[in-house]
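Comments concern the structure below.
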Amino acid sequence: MAILVTGGAGYIGSHTCIELLNSGYEIIVVDNFSNSKPEALKRVSELTKKSFKSYNVDLLDQVTLEKVFFENHIESVIHFAGLKAVGESVETPLRYYHNNITGTVVLCELMQKYNVKKLVFSSSATVYGTPKYVPITEDFSLQSINPYGRTKLMIEEILRDLHLSDDNWSIALLRYFNPIGAHESGRIGEDPNGIPNNLMPYITQVAIGKRENLNIFGKDYNTHDGTGVRDYVHVVDLAKGHLKALEKIINSTGIDAFNLGTGIGYSVLDVVKIYENVTSRKIPYNFTHRRSGDIDKCYADPTKANKELGWKASKNLEDMCRDSWRWQKNNPEGYNEEIKEKI
Ligand code: NAD
Ligand code: WQD
């Protein structure tokens, strides 16, 4: 019996594959490598000293995806595959709706056909839109302010309808806050294409000298120092949250949402300061205008995940900064470097 991991070559997926393999699960990865490299999977195998099957398949390709279900004995699915760049989703909404929503529908149709009804889904804190206050609990009202966020919201609704139609389904909706950090080996980490959209990969590229300085988007937010406050969570903690969710869905039925965050909010300036302290690198920055759609504060109340999944983040912001830097320092060109060396 295996766990199918869609998007397993990506940032969160690759870290989760490591935790799954280290805990003795058999895994099968499906990824179309639209935002990742096969090298990440090679390194997962190298770090765990375990081999596993991977398929270069697009979730939209139902015929080929069906072969994966036909050839393997799949017990549960962890579904990471999706496009995730907010700005890009505003520019190309149809691509986002098609990839994320149709991809999920195709996957669920096959799961239904092969009687695989256990699913862990990568949702996001983005489903809370602009929360009325913080910390955010799972029962807050849901809304979204961009196409990416709407795909997550719609998928959550689709999965609720699916469960309503057949209560044999067991589904965990994991609402991640801001995942950063990397595996402590420095072998796998986040490898964004082009100019990073998110704070931590941007900071690490400034630290390595690829970018001149960080642009801090706004200094007049209603926060302790005027810069945006977020709940940064270490990707390895997040990965472990998937194993806890998996244990729950394997042993029960139902559908439920869980916040995966630390419960602590840090501002952009807090992150810069801590990053500088733990890495001894200077991060020059400028203040620029607010980024459209950004909110002042967003952090989780993670009590429900703690009580019902037995999950709690264990790594602090220092760990996250140290591990992000180690990954960047050891892999200045991300996964491309190894490819260049071989050519
Ligand atoms: P990622 O881009 O690194 O990983 C996603 C993977 O899915 C990539 O390997 C990509 O190639 C693959 N993929 C995309 N569309 C596919 C398709 N149609 N068929 C097959 N494979 C496909 O992203 P990540 O940061 O690892 O995020 C994983 C999931 O978590 C995503 O669904 C994302 O929306 C969600 N999420 C991410 C964050 C974050 O900040 N990283 C926060 C909240 C939620
Ligand atoms: C964090 C803070 C920025 C970059 C995004 C998605 C969200 C979820 C997680 C997927 C904010 C500031 C950033 C920079 C900056 N992803 N910033 N300069 O926006 O909280 O969340 O990733 O589900 O849906 O929206 O994360 O890392 O982009 O920003 O000042 O160059 O850093 O304004 O306050 P965000 P982020």
Side-chain angles (χ1 to χ4, degrees), residues 5-16 29-38 40-41 55-61 64-65 78-87 89 95-96 98-104 106-107 121-129 144-146 148-149 151-152 155 174-180 189-193 195-203 205-206 211 213-219 221 223 227-233 235 238-239 242 260-261 265-269 271-272 285-299:
V5 185
T6 77
Y11 173 46
I12 307 170
S14 56
H15 288 82
T16 304
V29 170
V30 162
D31 203 302
N32 66 355
F33 302 107
S34 57
N35 197 37
S36 56
K37 309 263 168 22
L41 295 178
Y55 293 81
N56 182 347
V57 172
D58 194 313
L59 291 190
L60 298 170
D61 177 358
T64 314
L65 188 61
I78 306 184
H79 177 33
F80 293 104
L83 299 170
K84 62 165 181 178
V86 172
S89 79
R95 184 170 161 244
Y96 268 68
H98 189 47
N99 190 77
N100 292 4
I101 298 178
T102 313
T104 303
V106 169
L107 173 70
F121 172 62
S122 296
S123 187
S124 165
T126 193
V127 298
Y128 296 114
S144 209
I145 49 175
N146 56 65
Y148 165 71
T151 69
K152 292 294 175 191
I155 294 168
L174 301 185
R175 296 177 181 157
Y176 316 149
F177 280 67
N178 289 57
I180 59 169
E190 189 170 12
D191 184 18
N193 284 328
I195 302 172
N197 300 306
N198 300 111
L199 181 65
M200 184 51 76
Y202 205 101
I203 289 180
Q205 292 198 2
V206 172
R211 319 241 163 240
N213 51 259
L214 170 70
N215 294 313
I216 298 185
F217 302 143
K219 59 174 176 179
Y221 282 105
T223 62
T227 65
V229 164
R230 298 291 184 275
D231 185 337
Y232 297 95
V233 55
V235 65
L238 199 64
H242 291 75
L260 295 188
Y266 286 102
S267 72
V268 178
L269 285 174
V271 176
V272 169
Y285 60 83
N286 292 325
F287 288 107
T288 60
H289 53 80
R290 289 180 174 203
R291 183 173 63 180
S292 158
D294 272 358
I295 54 177
D296 54 4
K297 290 180 214 137
C298 176
Y299 56 91

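Read the numbers this way: they start at 1 and go in the same order the structure lists the ligands and their atoms. Computation of the quantities below employed the complete heavy-atom set of this structure, encompassing side-chain atoms and omitting hydrogens, waters and symmetry-equivalent molecules. Residue indices begin at 1 and follow the sequence shown.
Two residues are said to be in side-chain contact when any heavy atoms from C-beta on lie closer than 4.5 Å; Arg230 and Ile295 meet this criterion. Between Ser36 and Asp31 the shortest side-chain heavy-atom distance falls below 4.5 Å. A heavy-atom distance below 4.5 Å is not found between the side chains of Arg175 and Leu260. Side-chain contact between Val30 and Leu59 is present, with heavy atoms from C-beta onward closer than 4.5 Å. Counting heavy atoms from C-beta on, the side chains of Ile195 and Arg211 come closer than 4.5 Å. Within the 4.5 Å cutoff, no side-chain heavy atoms of Leu174 are placed close to those of Phe121.
Taking the six-membered ring for Trp and the full ring otherwise, the centers of Tyr176 and His242 sit less than 6.0 Å from each other.
A cation-pi contact, defined as under 6.0 Å to the ring centre and within 45° of the axis, links Arg290 to Tyr221.
In this structure, of Leu174, Val233, Ile180, Leu59, the residue bringing a heavy atom nearest to atom 19 (N) of ligand 1 is Leu59. Compare Ser123, Ala81, Ser122 by their heavy atoms: the one nearest to atom 44 (C) of ligand 1 is in Ser123. Across Phe177, Phe217, Tyr128, Tyr176, heavy-atom proximity to atom 14 (C) of ligand 2 is greatest for Phe217. Residue Leu199 holds the heavy atom nearest to atom 13 (C) of ligand 2 of all those in Thr126, Leu199, Asn215, Leu269. Remark: among candidates Asn193, Val5, Asp31, the nearest residue to atom 9 (O) of ligand 1 is Asp31, based on non-hydrogen atoms. Between atom 10 (C) of ligand 2 and the options Tyr148, Tyr266, Tyr285, the minimum heavy-atom separation is to Tyr148. Nearest residue to atom 7 (C) of ligand 2 from Ser122, Ser124, Gly149 is Ser124 (criterion: closest heavy atom).
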Under the side-chain hydrogen bond (donor to acceptor under 3.5 Å, both in side chains) rule, what do Thr288 and Asn215 come out as? Steps first, then yes or no, please.
CA-CA 6 Å; Thr288 60; Asn215 294 313; 5.0 Å; no
Take His79 and Thr104 through the test side-chain hydrogen bond (donor to acceptor under 3.5 Å, both in side chains) and record every step on the way to the result.
CA-CA 8 Å; His79 177 33; Thr104 303; 2.9 Å; yes
Pair Asn193, Asn35 - check side-chain hydrogen bond (donor to acceptor under 3.5 Å, both in side chains), show working.
CA-CA 8 Å; Asn193 284 328; Asn35 197 37; 3.1 Å; yes
Show your working on side-chain contact (heavy atoms from CB on, under 4.5 Å) between Leu65 and Val106 and close with a plain yes or no.
CA-CA 9 Å; Leu65 188 61; Val106 169; 4.2 Å; yes
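At a heavy-atom distance under 4.0 Å, no atom of Ala125 approaches ligand 1. Counting heavy atoms under 4.0 Å from ligand 2, residue Thr227 does not touch it at all. When non-hydrogen atoms are compared, ligand 2 lies under 4.0 Å from neither the backbone nor the side chain of Lys84. Of all the heavy atoms of Asn198, none lies under 4.0 Å from any atom of ligand 1, so neither backbone nor side chain is involved. Residue-level proximity to ligand 1 for Tyr148 is carried by the side chain, the only part with a heavy atom below 4.0 angstrom. Both the backbone and the side chain of Ile12 come within 4.0 Å of ligand 1, counting heavy atoms alone. Counting heavy atoms closer than 4.0 Å to ligand 1, residue Glu190 contributes nothing at all.
Residue Ser34 approaches ligand 1 through these ligand atoms, each under 4.0 Å from one of its heavy atoms: 10 (C), 11 (O), 13 (N), 14 (C), 15 (N). Less than 4.0 angstrom separates some heavy atom of Asn197 from each of these atoms of ligand 2: 4 (C), 28 (O). Residue contact check: Val86 has heavy atoms under 4.0 Å from atoms 6 (C), 25 (O) of ligand 2. Proximity to Ser36 (heavy-atom distance under 4.0 Å) selects the following atoms of ligand 1: 8 (C), 9 (O), 11 (O). Listed by atom number, the atoms of ligand 1 under 4.0 Å from Phe33 heavy atoms are 11 (O). Here is the list of ligand 1 atoms found below 4.0 Å of a heavy atom in Gly10: 3 (O), 4 (O), 9 (O), 26 (O). Counting the atoms of ligand 1 from 1 in the order shown, those under 4.0 Å from a heavy atom of Val57 are 19 (N), 20 (C). Listed by number with element, the atoms of ligand 2 under 4.0 angstrom from any heavy atom of Leu214 are 18 (N), 31 (O).
Of the protein's non-hydrogen atoms, the one nearest atom 3 (O) of ligand 1 is Tyr11 N, 2.8 Å. Annotation: atom 39 (C) of ligand 1 to nearest protein heavy atom, Pro179 CG, 3.6 Å. Looking at atom 17 (C) of ligand 1, its nearest protein heavy atom turns out to be Asn32 ND2, 3.4 Å. Of all protein heavy atoms, the one closest to atom 29 (O) of ligand 2 is Arg291 NH2, 3.4 Å. From the protein, the heavy atom lying nearest to atom 12 (C) of ligand 2 is Val268 CG2, 3.7 Å. Of all protein heavy atoms, the one lying nearest to atom 2 (O) of ligand 1 is Asn35 ND2, 2.7 Å. At the top of the distance list for atom 2 (C) of ligand 2, counting protein heavy atoms only, stands Tyr232 OH, 3.6 Å. Closest to atom 21 (O) of ligand 2, if we only count protein heavy atoms, is Asn178 ND2, 3.7 Å. The protein heavy-atom contact nearest to atom 31 (C) of ligand 1 is Phe80 O, 3.1 Å. Atom 6 (C) of ligand 1 has Gly7 CA, 3.6 Å as its closest protein atom, hydrogens excluded (heavy atom only).
Backbone and side-chain nitrogen or oxygen atoms of Asp58 are examined, and one is located within less than 3.5 angstrom of a nitrogen or oxygen of ligand 1. Residue-to-ligand polar distances place Asp294 within reach of ligand 2: an N/O pair is separated by less than 3.5 Å. In terms of polar-atom proximity, Asn198 is counted as a contact of ligand 2, with an N or O under 3.5 Å from an N or O of the ligand.
Closest heavy-atom contact between Asn100 and Ile155: O-CD1, 3.4 Å. Of all heavy-atom pairs between Val86 and Ser89, the closest is O-OG, 2.6 Å. Nearest heavy-atom pair, Val29 versus Ala9, reported as atom, atom and distance to 0.1 Å: CG1-N, 4.2 Å. Here the closest non-hydrogen pair linking Lys152 and Ser123 is CD-CA, 4.0 Å.
Atom-to-atom distance recorded for Thr6:OG1 and Asp58:CG is 11.0 Å, nearest 0.5 angstrom. Within the model, atoms OG1 of Thr126 and CD1 of Ile145 stand 6.5 Å from one another, a figure rounded to the nearest 0.5 Å.
Ligand 2 has Arg230 within reach: a non-hydrogen atom of the residue lies less than 4.0 Å from it.
Annotation for Tyr285: atom OH does not count as buried by contact number, only 12 or fewer foreign heavy atoms lying within 6.0 Å.
Taking the six-membered ring for Trp and thresholds of 30 and 60 degrees, Tyr96 and Tyr148 have ring planes more than 60 degrees apart, a perpendicular arrangement.
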